[in-house]
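Numbering starts at 1 and runs along the sequence shown.
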Amino acid sequence: DLAKTRHESHLTQIQELKADSQEQAANHEKEMAYARSTMEGLKRDTEKASKELRMERERCSNLKVDVAAAHAAFEPYKRRAETNELERKKAEASRERDLRALRTE
């Protein structure tokens with residue numbers, strides 16, 4: 001009778017351990033599925049960010065080209081303005097000399 005009770009007790013323990021082990025395995029599988037899902041999401045986010053970064057670098061490169069072109073296009077106007085300024089100063093100095101010459105006469 002005692003042996004039968006111990007045997008039943010052992011069987012109960014075995015069944016409890018088996019059920020606990022199955023529950024742990026199921027929980028582990030859920031955690032692994034969540035981890036895989038999270039990793040896939042992170043992978044997609046990383047790919048998207050990399051694509052956006054490439055596009056932004058290309059845009060910046062294009063802007064640098066645009067700025068260089070604008071500077072080049074502006075250069076003749078800048079030189080012309082500098083020339084005009086020199087001519088104005090020369091004319092002003094000439095006018096001042098002429099006015100002084102008229103005053104001294």
(message) Can a donor-acceptor pair be found, under 3.5 Å and without considering hydrogens, that links the side chain of Thr5 to the backbone of Asp1?
(response) yes

(request) Report yes if the side chains of Glu40 and Arg44 come closer than 4.5 Å at any heavy-atom pair, otherwise no. (result) yes

(request) Answer yes or no: is there an ion pair linking Glu85 with Arg88, defined by an N-O contact shorter than 4.0 Å? (result) yes

(message) Which residues pass the salt bridge (charged side-chain N to carboxylate O under 4.0 Å, His left out) test with Glu23, not counting sequence neighbours?
(response) none

(request) To the nearest 0.5 Å, tell me how far Leu17 CG sits from Gln24 CD. (result) 9.5 Å

(message) Do Glu52 and Met55 make a side-chain contact, defined as non-hydrogen atoms from C-beta onward lying under 4.5 Å apart?
(response) no

With a cut-off of 3.5 Å and sequence neighbours excluded, list every side-chain donor-acceptor pair involving residues 61-79.
from, atom 1, to, atom 2, distance (Å)
Asn62, ND2, Glu58, O, 3.4

(request) Rounded to the nearest 0.5 Å, what's the gap from CG on Leu11 to NZ on Lys4? Could you check? (result) 11.5 Å

(message) I'd like to know whether Arg59 forms a salt bridge (charged side-chain N to carboxylate O under 4.0 Å, His left out) with Glu56, so could you lay out the CA-CA distance, the side-chain angles of the two residues, the decisive distance to 0.1 Å, and finally the verdict.
(response) CA-CA 5 Å; Arg59 191 179 73 78; Glu56 191 62 21; 2.7 Å; yes

(request) To the nearest 0.5 angstrom, please state how far the CZ atom of Arg95 sits from the CZ atom of Arg100. (result) 11.0 Å

(request) Report yes or no: does Ser50 contribute a side-chain atom to a donor-acceptor pair with the main-chain N or O of Thr46 at less than 3.5 Å? (result) yes

(request) Output the distance between atom CD (Glu96) and atom CG (Leu99), rounded to the nearest 0.5 Å. (result) 6.0 Å

(request) Apply salt bridge (charged side-chain N to carboxylate O under 4.0 Å, His left out) to the pair Glu29 and Arg36, showing each step before the final yes or no. (result) CA-CA 10 Å; Glu29 188 54 42; Arg36 281 190 294 274; 3.0 Å; yes

(request) Tell me, please, which residues at least two apart from Arg54 pass salt bridge (charged side-chain N to carboxylate O under 4.0 Å, His left out). (result) none

(message) Once rounded to the nearest 0.5 Å, what's the spacing between atom OG1 of Thr12 and atom CD of Glu16?
(response) 6.5 Å

(request) Could you tell me the separation between the CD1 atom of Ile14 and the OG atom of Ser21, rounded to the nearest 0.5 Å? (result) 13.0 Å

